[in-house]
There are 2 protein chains.
Amino acid sequence: MQRLIAHISKFVDLTEEDKEIILSLMQYQEVKKKEYLLRQDAVCNANYFILKGVFRKYYIDEKGSEQIIHFGIDNWWITDYDSLERRIPSQYFIQAVEGAEVAVLDWRVQEELFAKIPALERYFRLILQRAYAASMQRIRYIYDFSGEERYYHFSNLYPEFLQRIPQYMVASYLGFTPEFLSKIRAKKI
Amino acid sequence: MQRLIAHISKFVDLTEEDKEIILSLMQYQEVKKKEYLLRQDAVCNANYFILKGVFRKYYIDEKGSEQIIHFGIDNWWITDYDSLERRIPSQYFIQAVEGAEVAVLDWRVQEELFAKIPALERYFRLILQRAYAASMQRIRYIYDFSGEERYYHFSNLYPEFLQRIPQYMVASYLGFTPEFLSKIRAKKI
DNA sequence: GTCTTTTCTTGAACTCGATTAAGTTTTGGC
DNA sequence: GCCAAAACTTAATCGAGTTCAAGAAAAGAC
């Protein structure tokens, strides 16, 4: 849980008392591989800080196949903000790709925490700015580069990550079929 | 400027004094067609609330052509948060598509405003959540639907908007060529 | 009003990546 | 260690959308 405190401290100043309040109001939770933090049609009840592990956020598209829109890794928050804040059913699944540990911030506790520590409201504003910018960047990659280029870019940026998750998930995240990914890899070797 | 106050009030409670502070610290500005609020390589200095008009946020891609990643319309904020917050050169242009009016929140004033009115920090957190969710939704559309489907979806959602902006901008936003858009339209009629 | 610039259209050739339908390899449960 | 399930590969065919090039129409400028 110290990783969470360290992360928040990179963005805003916390007193010792603040840190204790945060630790007392958030839950540590272990998540097994393939376990879900959120399922489609359920209302999202918490924001999760990933202490360790990998999560994927996906939905079932028109054709009935899984489409990954986001990977959550160490030191990122993962949730469906739209469902969480507006208390509406989510369109997404959030599932552990490998065994993981998270810090859980329940939505009812969140308000209490913001009231006690206003700096946290700022922290989340900054986190969201970062997430939003990353999402814009993602759209850029989709538009600017071919599937092959996106794959090389991704594998250069996260080489170790590529080893940890199944290829069909990478293909889904990058927006093409597993068959096409096979073809790209065959070309290279 | 009352539209801005009305908008903020939809998300958080403001006292009369708060409203006065906001109005006193923000600038009203008229923007002519084709004028820029931000250019690539410049550091973004403000967040703009669109009172009236349409803006496009775009960049120059690898091949040297303009790629629109976002349209800003009435009652939305538009800026490059990454550049604004981290004080780094922007990758984007923000340009008025038609004559417009904006409320300007300078980055130096922003901190002052947050200090005086903590509710605003919350307001921007909520705005960003919404923008982030919209961006995710955008990625979904790109992955799930064909160019033709995206066009019909867009034209059903914003029929009047379609009349106001050149078609090549719509094509760029939807992620295909103007030629292809022409073909889609030819089919329909 | 005419002239220039901007925007839109049309058609032919081409390409990236999807689809389908095998077969192969790897992983995990017991 | 064995078997089933999950993950990956290969190859042929097909289609959505690009590219290039040229011309038509619309919108500003003076």
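Because only heavy atoms are used, hydrogens play no part in the values below, and waters and symmetry mates are left out as well, while side chains stay in. Here is how names work: the chains are called A, B, and so on, in the same order as the sequence lines, proteins then strands, and each is numbered from 1. Please read all numbers here as calculations on a predicted model, not as lab measurements.
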With a 3.5 Å cut-off and sequence neighbours excluded, list the donor-acceptor pairs that the side chains of residues 131-141 of chain B form with protein atoms.
unit_1 : atom_1 : unit_2 : atom_2 : d
B:S135 : OG     : A:S135 : OG     : 2.3
B:R138 : NH1    : B:I69  : O      : 2.6
B:R138 : NH2    : A:Y143 : OH     : 3.3
B:R138 : NH2    : B:Y173 : O      : 2.6
B:R140 : NH1    : A:Q91  : OE1    : 3.4
B:Y141 : OH     : B:H153 : NE2    : 2.9

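Direction change of the helix axis from one end of the helix from C:dG1-D:dC30 to C:dC30-D:dG1 to the other is 70°, with five pairs defining each end axis (rounded to 10°).
Remark: side-chain polar atoms of B:Q29 are not paired, donor with acceptor, to backbone N or O of B:E101 under 3.5 angstrom.
Take B:R39 and apply the salt bridge (Lys or Arg N to Asp or Glu O under 4.0 Å) test, not counting sequence neighbours, and it matches no residue. Judged as a salt bridge (Lys or Arg N to Asp or Glu O under 4.0 Å), and not counting sequence neighbours, B:E20 has no contacts. By the salt bridge (Lys or Arg N to Asp or Glu O under 4.0 Å) test, A:E160 is found to be paired with no residue, residues two or more places apart in sequence or in another chain being considered.
The aromatic ring centroids of B:F124 and B:W77 lie less than 6.0 Å from each other.
Residue pairs meeting the salt bridge (Lys or Arg N to Asp or Glu O under 4.0 Å) criterion with at least one member in residues 8-17 of chain A, sequence neighbours excluded: A:E16-A:K19. Identified under the salt bridge (Lys or Arg N to Asp or Glu O under 4.0 Å) test for residues 141-153 of chain A, with sequence neighbours left out: A:E148-A:K187. Identified under the salt bridge (Lys or Arg N to Asp or Glu O under 4.0 Å) test for residues 74-98 of chain A, with sequence neighbours left out: A:D82-A:R86, A:E85-B:R125, A:E98-A:R164.
Looking at A:Y123 and A:H7, their side chains do bring a donor and an acceptor atom within 3.5 Å of each other.
Relative ring orientation between A:F71 and A:F154 is described as tilted, the plane-to-plane angle lying within the 30° to 60° band.
Nucleotides of DNA chain C lying under 4.0 Å from heavy atoms of chain A occupy a range whose first and last members, 5' to 3', are C:dG17 to C:dG28.
Residues B:V31, B:L37, B:L38, B:Y48, B:I50, B:F55, B:I94, B:V102, B:V104 make up the rest of the hydrophobic cluster containing B:I78, defined by ILVMFWY side-chain heavy atoms closer than 4.5 Å, directly or through other members.
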Polar atom pairs (N or O), protein with nucleotides 24-30 of chain D, under 3.5 Å:
none

Subject >> Heavy-atom protein contacts under 4.0 Å, nucleotides 5-19 of chain D, coded B base, S sugar-phosphate only, - none >> reply: --SSBB-B----SBB
